[in-house]
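Heads up, the thing below is written out as structure tokens.
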Amino acid sequence: MEKEIQTRCIHLENDDRSNVYGAISYPIFQTATFAHPGVGMSTGYDYSRAGNPTREQLEKTVASLESGRRAFAFSSGMAAITAVMELFEPGDHIITDSDLYGGSIRLFNTLCAKNQIEFTSADLSGDNWEHIAQDGKIRLEELIQPNTRAVFIETPTNPMMNVIDIQRLGEYTAKHGLLLIVDNTFLSPYFQNPLKLGADIVIHSGTKFISGHNDVLAGLVVADREDICDKIGFNLLSTGACLSPFDSWLVLRGIKTLAVRMEKAQENAGELADWLEQSGYAKKVIYPGKKEHPGYDIMKKQASGFGAMITFEVESREIAREVLKQVKLIRFAESLGGVETLITYPVTQTHADVPKDVLKKNGVTDRTLRLAVGIESAKNLIEDLGRALKEAGQSG
Ligand SMILES: Cc1ncc(COP(=O)(O)O)c(C=O)c1O
């Protein structure tokens, strides 16, 4: 039987449970180390930084969901991105999309820069990619230097929800011998599988949709090429930022409901985006599930859903800040992908360390709010947001 993704969220392809007494919930092997039967002998596990059965069960599950050879579980999304950056040498150059999670930009501008990795960022989204690829306005070729090694993107991007054509970019990076690295956090493996579209490395903040309950920090790296897997595995072993057995179990438990959570959160997001627009409360609504979104057709082609992230603008900075005070059911907090709906203020939270000129260029203002839609009743979410917007003085 070929297992569909909904089934693979719950059952591995080859689920050998002979070692765990038929346990339905995979056991938490809460141990730092493993006894050896004798000199030169091993049970298959020696020390939990090098490998732990619970972490391995999670890694196998995520590798399957992303159609990769192997996955590696880290203590956070940033630890995962750091391990990927350790693939590069001083003097290497990486091209990034300009709209990225602020923490990635901070890592690139500071620690990676200290390690003498150079970065150039450009808008690689939708129509701009057409320009880049075809009419020569900002040709990607012009950004490639002899020392360029990789292109790093998110799609949809955080927070402006720009969409990048992974397949076309993948053809392009392959032609130029560059690695294509995709942070797939916003859609999760349930809606988008970048490795199948030509990416070389997929990263997730497992803190978000994959675990889904706002109760654990985690990061994942997935790749298909054996040499890349070997290097990421070595980086995990050497730097030690591995996910603990208990946290691995929490993520595994979250994944069991990934399919139903993603479907419901997306349904809610569609309703909220429509309401925000029709009510007139939002001055601008950016949701890639809207036909008018410039990335809509690319999303249809490369993903099986539009996700649950909405970015919108209100009339003034004062109103934006007041909305954050007024929401009750929706919580003002910095994260996404959980069952609880959260509202974020990118300029003071997720993107606080991004240089002001970059934010301005990307269109992130002090009127921009980001909604990470959860799985509550859409009616209640609309009631709460509507009241908060009204009390904040936003006219409809
Ligand atoms: C797109 C994206 N990538 C990576 C990260 C970093 O993940 P973590 O917070 O698990 O370190 C985040 C965090 O918000 C994110 O939104």
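Quantities reported herein were computed from a predicted structural model and do not represent experimental measurements. As the structure lists them, so they are numbered: ligands from 1, and atoms in each ligand from 1.
- The N/O atoms of E154, backbone and side chain alike, include none that comes under 3.5 Å of an N/O atom in ligand 1.
- Proximity of T350 to ligand 1, defined as any heavy-atom pair under 4.0 Å, is not found for any part of the residue.
- Remark: among candidates D183, T157, L107, the nearest residue to atom 4 (C) of ligand 1 is D183, based on non-hydrogen atoms.
- The protein heavy atom nearest to atom 11 (O) of ligand 1 is M78 N, 2.9 Å.
- Using the six-membered ring where Trp is involved, F119 and F108 have ring planes that are parallel, under 30° apart on the 30 and 60° scheme.
- Close approach to T207 involves these atoms of ligand 1, each under 4.0 Å from a residue heavy atom: 8 (P), 10 (O).
- Annotation for ligand 1: atoms under 4.0 Å from non-hydrogen atoms of K208 are 9 (O), 12 (C), 13 (C), 14 (O).
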_Criterion side chain to side chain donor-acceptor pair (under 3.5 Å) on T110 and R106, from CA distance to verdict_ = CA-CA 6 Å; T110 56; R106 177 176 54 215; over 6 Å; no

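- Between I153 atom CD1 and N162 atom CG the span is 11.0 Å, to the nearest 0.5 Å.
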For this session: Assess whether side chain to side chain donor-acceptor pair (under 3.5 Å) is satisfied between T341 and E376, documenting all intermediate values.
Result: CA-CA 8 Å; T341 299; E376 304 93 334; 2.6 Å; yes

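- On a distance-only criterion, G77 and ligand 1 share at least one N/O pair closer than 3.5 Å.
- Close approach of ligand 1 to S76 is summarised as follows: ligand atoms under 4.0 Å from at least one heavy atom of the residue are 10 (O), 11 (O).
- Of all atoms in ligand 1, listed by their number and element, those nearer than 4.0 Å to a heavy atom of N158 are 16 (O).
- Distance CD1/I382 to CG/L272: 5.0 Å, rounded to 0.5 Å.
- Put simply, the side chain of D274 reaches to within 4.5 Å of the side chain of K290, judged on heavy atoms.
- Side chains of Q394 and K283 form a contact here, defined as non-hydrogen atoms less than 4.5 Å apart.
- Ion pairing between R149 and D92 holds under the 4.0 Å rule for side-chain N and carboxylate O.
- Protein heavy atom closest to atom 15 (C) of ligand 1, with residue, atom name and distance, is Y101 CG, 3.6 Å.
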Practice prompt. Begin from the C-alpha positions of E391 and R387 and carry the test salt bridge (Lys or Arg N to Asp or Glu O under 4.0 Å) through to its verdict.
Written response: CA-CA 6 Å; E391 282 175 17; R387 185 198 41 75; 3.3 Å; yes

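- Of the polar atoms of L336, none of the N or O atoms is found under 3.5 Å from an N or O of ligand 1, judged by distance alone.
- Of all the atoms in ligand 1, the ones that sit under 4.0 Å from a non-hydrogen atom of A218 are 10 (O).
- For A79, no heavy-atom contact with ligand 1 is shorter than 4.0 Å.
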